[in-house]
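Just so we're clear, the structure is a prediction, and the values are computed from it rather than from any experiment. Whatever order the structure lists ligands and atoms in, that order sets their numbers, starting from 1.
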Amino acid sequence: MRNETLISTEQRCEVGLYAKRPVAIVRGAGARAWDAEGRMYIDCMSGQGSANLGHCHPAVVAALHDQANTLISCTEVLANDRRAAYLEALVTALPFPARLFFCSSGAESIEAMLKFARLLTGRTRIVAAKRGFHGRTMGALSATWEPKYREPFAPLVPDFAHVPYDDLDALAEAVDERTAGVLLEPVQGEGGVRPAGPGYLEGARRICDEHGALLLLDEVQTGFGRTGKLFAIEHSGVTPDMLALAKSIAGGFPMGAVALHERHGSLSPGAHGTTFGGNPLAMAAALATLNVMRNDDLPGQANEKGAWLLERLRGIASPNIREVRGLGLLIGIELKQRVQSYLAALVDRGVLALPSGPTVLRLLPPLVIGYDDLETVVTQIADVLS
Ligand SMILES: *Cc1c(COP(=O)(O)O)cnc(C)c1O
């Protein structure tokens with residue numbers, strides 16, 4: 001089968017929301033993926049950040065295989081062995097005492113956080129950040145900043161405000177006794193790969209406490225080892241009221257979660273819910289993922305490989321590069337020009353990479369990537385940028 005055939009079928013039958021790259025991926029292993037014509041790519045897209053464990057990690061494959069032979073569907077109204085096992089494992093792995101809610105995507109985890117914040121505070125106002133990204137459903141979109149995502153769908157959910165990121169004065173001015181929550185990413189992933197500066201999240205915590213507002217952190221992209229810790233909040237030690245998780249939570253299997261700080265107790269039955277929440281396949285994949293993260297110290301690997309990659313990328317002598325920044329293996333190269341043509345040139349050279357806004361080339365390699373592949377990525381990037 002030709003790449004072109006698959007791409008044209010998708011373009012003919014889908015509603016057309018995605019600008020397709022000229023590649024159809026049919027198989028993956030670790031940090032590598034193969035197209036329909038047998039060509040190999042080093043995958044620094046990781047399914048938009050859902051493959052921190054790499055493609056087809058044997059532990060995830062085995063867990064899904066076993067669970068598929070055992071039980072695929074089980075509503076949250078009935079308890080389940082995989083779910084109970086994963087609940088205990090994630091509660092233990094989180095850096096603060098929490099209760100959990102499970103869903104199937106990042107946007108859904110944000111929606112749940114917004115609803116829980118209203119329930120717990122009786123307030124409606126949410127303060128989010130400029131350049132922040134939280135997903136595309138109506139509540140999550142109301143928190144997302146990018147005007148081109150928002151404007152066609154106005155009016156959105158009322159009572160959202162956006163302040164400059166990493167600016168505590170602006171945040172202090174925006175938060176008051178009407179604020180239900182402050183919603184932030186520890187590193188802005190889609191908004192240009194911008195890590196919070198030292199003291200920002202601590203300051204946000206303090207401002208929330210002064211006004212009885214909740215600190216809602218979005219670790220959909222930064223969670224599960226990506227930034228060099230299991231959760232990015234571990235870099236600062238800040239404790240949120242809620243944490244949103246998704247993307248790599250289940251080794252690439254669709255899943256999301258909200259961790260609600262234990263001090264808020266439990267919510268009332270029926271206040272929220274979803275059909276696929278706590279699905280046994282997702283639970284089995286997530287449990288296997290967490291075990292691999294721990295046993296292979298993938299956060300530690302992200303830390304080491306990320307430092308190496310950052311240094312190598314900063315060593316590229318190109319007049320096109322404005323800045324290289326990142327945390328762990330979440331890395332952005334800010335260019336002086338638009339990024340799109342460079343992404344296309346990299347595809348031709350066997351490297352799949354992402355944009356982050358119009359001028360930032362974003363690398364999200366699987367945390368299991370080898371140094372040989374990282375070396376190739378650096379060489380090819382240096383080549384297309386010079
Ligand atoms: C991807 C992403 C989301 C949305 O997740 P979906 O699964 O695409 O709905 C929300 N927040 C952040 C930080 C993300 O990177």
Side-chain angles (χ1 to χ4, degrees), residues 17-18 44-52 101-117 126 128-146 149-150 153 156-157 160 162 165-166 181-196 200-201 204 215-227 229 231-233 235 240 242-259 274 276-277 279 282 285-286 289 302 326-332 353-357 360 362-366:
L17 296 173
Y18 304 97
C44 296
M45 295 172 86
S46 293
Q48 304 286 359
S50 62
N52 286 5
F101 165 74
F102 292 133
C103 53
S104 311
S105 72
E108 257 187 282
S109 68
I110 300 296
E111 294 294 334
M113 277 209 310
L114 297 173
K115 288 180 71 180
F116 297 171
I126 298 289
K130 294 188 173 169
R131 295 204 172 103
F133 183 87
H134 303 287
R136 311 287 203 123
T137 54
M138 291 305 263
L141 185 61
S142 305
T144 290
W145 178 70
E146 176 59 56
Y149 296 158
R150 296 159 49 84
F153 302 100
L156 296 174
V157 178
F160 281 76
H162 292 86
Y165 188 68
D166 223 8
V182 171
L183 174 55
L184 297 169
E185 297 160 86
V187 181
Q188 291 192 313
E190 306 293 313
V193 185
R194 295 165 206 279
Y200 181 60
L201 295 177
L215 182 61
L216 315 174
L217 294 181
D218 178 350
E219 287 229 37
V220 168
Q221 185 158 157
T222 55
F224 296 97
R226 174 55 61 191
T227 69
K229 303 273 187 194
F231 302 102
I233 53 171
H235 290 287
M242 286 184 242
L243 192 65
L245 301 168
K247 292 207 161 104
S248 277
I249 189 171
F253 196 87
M255 180 181 160
V258 173
T274 173
F276 288 123
N279 169 272
T289 297
L327 192 61
L329 275 175
L330 172 50
I331 292 182
L354 288 160
S356 176
V360 176
R362 180 175 36 152
L363 299 173
L364 283 180

For ligand 1, run through the N/O pairs with the protein that fall under 3.5 Å and put one pair on each line.
from	atom 1	to	atom 2	distance (Å)
ligand 1	7 (O)	Gly106	N	2.8
ligand 1	9 (O)	Ala107	N	2.8
ligand 1	11 (N)	Phe133	O	3.3
ligand 1	11 (N)	Asp218	OD1	3.4
ligand 1	11 (N)	Asp218	OD2	2.7
ligand 1	15 (O)	Gln221	NE2	2.8
ligand 1	15 (O)	Lys247	NZ	2.6

*Met242 and side-chain contact (heavy atoms from CB on, under 4.5 Å): which partner among Val258, Leu217, Leu215?*
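Output: one option passes, namely Val258.
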_Under a 3.5 Å distance rule, please check whether Gln221 uses its side chain to pair with a backbone N or O of Gln48 as donor and acceptor._
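Between the backbone of Gln48 and the side chain of Gln221 there is no qualifying donor-acceptor contact (under 3.5 Å).
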*Any idea which heavy atoms bring Leu183 and Ala143 closest together, and the distance?*
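Closest approach of Leu183 to Ala143, heavy atoms only: CD2-CB, 3.6 Å.
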*Under the criterion salt bridge (Lys or Arg N to Asp or Glu O under 4.0 Å), which of Arg131, Arg362, Arg136 is the partner of Glu190?*
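Passing option: Arg362.
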*Going by an N to O cut-off under 4.0 Å, is there a salt bridge joining Arg194 and Glu185?*
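Between Glu185 and Arg194 there is no salt bridge, as every charged N stays at least 4.0 Å from the carboxylate O atoms.
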*So, do Pro186 and Leu201 sit near enough that their side-chain heavy atoms are less than 4.5 Å apart?*
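Counting from C-beta outward, Pro186 and Leu201 do come under 4.5 Å.
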